[in-house]
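Each remark here refers to the structure printed beneath this line.
When a residue number appears, it is its place in the shown sequence, counting from 1.
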Amino acid sequence: MTPLYARHKRTTLAIATAVAAGALLTAGLTTGATAQSGAEPSADTQLAGAPVQLSAAARTSLIKKADAATPETADEIGLGAKEKLVVRDVIKNADGTTHTRYERTYAGLPVLGGDLVIHETKSGKTEGVTRATKADVKVTDVTPDIAKSTAEKQALKAAKAEGSKKSAADKAPRKVIWAASGKPALAYETVVGGFQHDGTPQELHVITDATTGEKLYEWEAIQTGTGHSQYSGDVTIGTSQSGSTFQLNDPTRGASKTYNLNRGTSGTGTLFTDADDTWGTGAASNAQTAAVDAHFGAQVTWDFYKNVLGRSGIRNDGKAAYSRVHYGNAYVNAFWSDSCFCMTYGDGAGNAKPLTSIDVAGHEMTHGVTSNTAGLVYSGESGGLNEATSDIFGTAVEFYAANSSDVGDYLIGEKIDINGDGTPLRYMDKPSKDGDSADAWSSSLGGLDVHHSSGPANHFFYLLSEGSGTKTINGVTYNSPTSNGSTITGIGRDKAVQIWYKALTEYMTSTTKYAGARTATLSAASDLYGSTSAEYKAVQAAWAAVNVN
């Protein structure tokens, strides 16, 4: 579980496969085919090194082609006889180069932390391989020395510490090869459900060494956030009509739907319908208002990824996630889950402040994008990069929305008032202003909560976009320092977004740390603008300014 903010510091580790949080209002609404968004369509999407938007048929064709060639590909990159590749996704750039992301198996067992990306020229020649682990994936044998029941008991104990009352695992222990942290080992992965202390659903994954019985890792696949308020004013949302009834079902965006859980905590809920296609009142007392906010947040996030980055939905397959509102009773949180492929929002304290804001919605759905691309491990430095990625694109979505009631800024969660005093949750120009986040990298960074180890990456993105020093943007004044005393000139947010997205989807893996993020963004900048370009040099300077050299 990963909150939008940390209520307490977890001592366990985690991998991001799902995420959460949000808060976004809308008042009385009229619907239409497009959102009141579309600011800043970036010309950078036409760059030779930028990804092209593939049709579903073209993407499927590329995946099938790569899948058919996996035996030859595995041999070419030097995998062992017991290892096989499984194609996860293919990205094609305007210059014809491709970047194919793979998972792998060993003796038929899934290798967790064994993901890799193969980079090929237009002619199909392999240029390089980015690997999550450099270690050879092999184990002495695949026969466990401990019983499955031992692994299950360990997982149940860990889940109960987080609030679960389950007496049996939801998913029985399965054999895997654990390669995400050090020497690969035969292990069991066990999944336990139930609920966490605050009422959030639980999906705890526990990795147990199948030889020694030692717990190697654990992560919460339901990741959450917290907030208050209603913000976006009157907006246009996508709906459809069935007979004489209108539905919160947007056919122009992968059939994005919004459902009413009506205080429930399971199931899909009931699809929102209306007689006149005018939704909500702007007040939390009207059940449709939170639905409009959630629907609009999903809509703007879809439009941003498609129009700016050429990505069709969270999985890049043209299919939308769905949203659920009115979860639980006075539930002060929201969460994204890969298992349902959906966003879920509580109504906040007293059921008066639904958790729905543009940057938070963009933040949380981006966790889904990260899960379906680099899959950054949700712990330490890679966990901080995962959180920063959501802050970066949540901020970009907010600027893209160009909403006059919630203007773009480099403040995270400034509308939801989690702190209760009107201050934002995080600051990208100077992360330490929140009292917990780091402005720059240090050797102790990995020991921080991931919401605070995200600070240097957030700071990097701000500096790359806007530069150092004092400036006012959309009425907000920033004053961004540098750890090395340098003066940074920004290249603009549009270019910074393109660089981070390309780095995430083509050069980062599940185990990428800050040094790896520097390498990934430099590779992306080189592909897009050239290795002697001002943009490439700006990436170098911005990382140096947050002590990543």
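Scored by the side-chain hydrogen bond (donor to acceptor under 3.5 Å, both in side chains) test, D89 finds R59 as partners (sequence neighbours excluded). Not counting sequence neighbours, the partners of T97 by the side-chain hydrogen bond (donor to acceptor under 3.5 Å, both in side chains) test are N93, D95. Residues passing the side-chain hydrogen bond (donor to acceptor under 3.5 Å, both in side chains) test with N316, sequence neighbours excluded: none. Residues satisfying the salt bridge (charged side-chain N to carboxylate O under 4.0 Å, His left out) test with R88, not counting sequence neighbours, are E103. In this structure, W302 has no ring pair (Phe, Tyr, Trp, His ring centres under 6.0 Å) partners at least two apart in sequence or on a different chain. The side-chain contact (heavy atoms from CB on, under 4.5 Å) test applied to A534 returns no partner, not counting sequence neighbours. Considering only residues two or more places apart in sequence or on other chains, D170 meets the salt bridge (charged side-chain N to carboxylate O under 4.0 Å, His left out) condition with K166. Legend: residues meeting ring pair (Phe, Tyr, Trp, His ring centres under 6.0 Å) with Y462, ordered by chain and number and at least two apart, are Y410, Y478. Under the side-chain hydrogen bond (donor to acceptor under 3.5 Å, both in side chains) criterion, S443 pairs with no residue at all, not counting sequence neighbours. With sequence neighbours left out, Y188 forms a ring pair (Phe, Tyr, Trp, His ring centres under 6.0 Å) with no residue at all.
The aromatic rings of W500 and F460 lie tilted to each other, with the angle between the two planes from 30° to 60°.
Smallest separation of non-hydrogen atoms from Y331 and L355: O-CD1, 3.9 Å.
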Kindly list each side-chain donor-acceptor pair under 3.5 angstrom involving residues 542-549, sequence neighbours excluded, with atom names and distances?
residue : atom : partner : partner atom : Å
W543    : NE1  : T521    : OG1          : 2.8
N547    : ND2  : W441    : O            : 2.9

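The number of heavy atoms from other shown groups lying within 6.0 Å of NZ (K171) does not exceed 12.
With Y501 as the aromatic partner, R311 does not meet the cation-pi criteria of under 6.0 angstrom to the ring centre and within 45 degrees of the ring axis.
Ring pair H205/Y217: centre-to-centre distance not below 6.0 Å.
Under the 4.5 Å side-chain criterion, counting only non-hydrogen atoms from C-beta, V176 is not in contact with V111.
Within the structure, salt bridge (Lys or Arg N to Asp or Glu O under 4.0 Å) pairs that include any residue of residues 369-384 do not occur (at least two apart or interchain).
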